[in-house]
Amino acid sequence: MTHKRALMQISFMRIYCPPYLLPQVADYAAALKDDELLLPLLEALGWHRQAYTSSQLLPVVEQIMNDSTHSQPVRDEARKTYKRLK
């Protein structure tokens, strides 16, 4: 998948992502090293605070938030997402 297509899919996930898939998306985010994709992906996860699986996302988001290998904007977005989901 091209980078542009990936960004478009991530944007779409803000509107629609089945709750049962959110833990898999969070696991993908944890393994993702591209901060340019990770930033919008974290934002998209934050839109799903009402999902019944949102509590399963918290450990992954917290791990990203405390990982110093990611850029500061990514860690800041992870912090915002964590607060939204909590």
Side-chain angles (χ1 to χ4, degrees):
M1 179 180 307
T2 66
H3 197 267
K4 183 178 177 181
R5 178 80 174 158
L7 286 172
M8 191 168 52
Q9 288 296 105
I10 290 170
S11 177
F12 178 70
M13 279 183 12
R14 284 186 283 170
I15 299 167
Y16 178 75
C17 185
Y20 64 89
L21 290 179
L22 288 173
Q24 293 173 354
V25 173
D27 290 341
Y28 175 75
L32 193 60
K33 298 299 179 195
D34 184 359
D35 283 353
E36 193 174 338
L37 289 177
L38 186 55
L39 187 66
L41 187 57
L42 286 168
E43 181 186 348
L45 287 174
W47 280 63
H48 298 281
R49 67 176 182 242
Q50 298 296 324
Y52 68 90
T53 56
S54 64
S55 64
Q56 296 175 12
L57 308 177
L58 290 173
V60 175
V61 174
E62 187 174 20
Q63 174 191 356
I64 294 170
M65 182 173 58
N66 296 324
D67 188 355
S68 62
T69 61
H70 293 294
S71 66
Q72 189 62 41
V74 168
R75 293 193 318 237
D76 290 343
E77 186 60 42
R79 187 173 298 107
K80 290 177 193 175
T81 300
Y82 185 83
K83 288 179 181 180
R84 285 183 194 120
L85 294 174
K86 193 163 183 167

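Annotation: the span from Q56 atom CD to Y20 atom OH amounts to 14.0 Å, rounded to 0.5 Å. A distance of 12.0 Å separates OG1 in T81 from CH2 in W47, rounded to the nearest 0.5 Å. The distance from atom CZ of R79 to atom CE of M65, rounded to the nearest 0.5 Å, is 6.5 Å. Going from atom CD of Q9 over to atom CZ of R5 covers 4.5 Å, rounded to the nearest 0.5 Å. Between the CD atom in E62 and the NZ atom in K86 there is a gap of 7.5 Å [rounded to 0.5 Å].
Taken together through direct or relayed side-chain contacts under 4.5 Å among Ile, Leu, Val, Met, Phe, Trp and Tyr, L57 and L21 form parts of separate hydrophobic clusters. Under the 4.5 Å side-chain heavy-atom criterion for grouping Ile, Leu, Val, Met, Phe, Trp and Tyr, F12 is not connected to V25 through any hydrophobic cluster. A continuous path of hydrophobic side-chain contacts links L58 to L22 [ILVMFWY only; heavy atoms under 4.5 Å].
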What donor-acceptor contacts under 3.5 angstrom involve side-chain atoms of residues 29-42, with partners at least two apart or in another chain?
unit_1 : atom_1 : unit_2 : atom_2 : d
D34    : OD1    : E36    : N      : 3.1
D34    : OD2    : H3     : NE2    : 3.3
D35    : OD1    : H70    : ND1    : 2.9
D35    : OD2    : S71    : N      : 2.9
D35    : OD2    : S71    : OG     : 3.2

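For T69, the side-chain hydrogen bond (donor to acceptor under 3.5 Å, both in side chains) test picks out D67, with sequence neighbours left out. Qualifying side-chain hydrogen bond (donor to acceptor under 3.5 Å, both in side chains) partners for R14, counting only residues two or more places apart in sequence or in other chains: S11. Taking the salt bridge (charged side-chain N to carboxylate O under 4.0 Å, His left out) definition, one finds that R49 meets it with nothing, sequence neighbours left out. A search for side-chain hydrogen bond (donor to acceptor under 3.5 Å, both in side chains) contacts involving D27 returns nothing, not counting sequence neighbours. Every residue was checked against the side-chain hydrogen bond (donor to acceptor under 3.5 Å, both in side chains) condition with S55, not counting sequence neighbours, and none meets it.
Although no hydrogens or angles enter the test, the distance criterion places no donor-acceptor pair under 3.5 Å between the side chain of S54 and the main chain of L85.
When side chains are defined from C-beta on, C17 counts as touching H48, because their heavy atoms get closer than 4.5 Å.
Across all non-hydrogen atoms, the minimal contact from V60 to A26 is CG1-O, 3.1 Å.
A salt bridge is defined here as a Lys NZ or Arg NE, NH1 or NH2 lying under 4.0 Å from an Asp or Glu carboxylate O, and R84 with E77 meets this definition.
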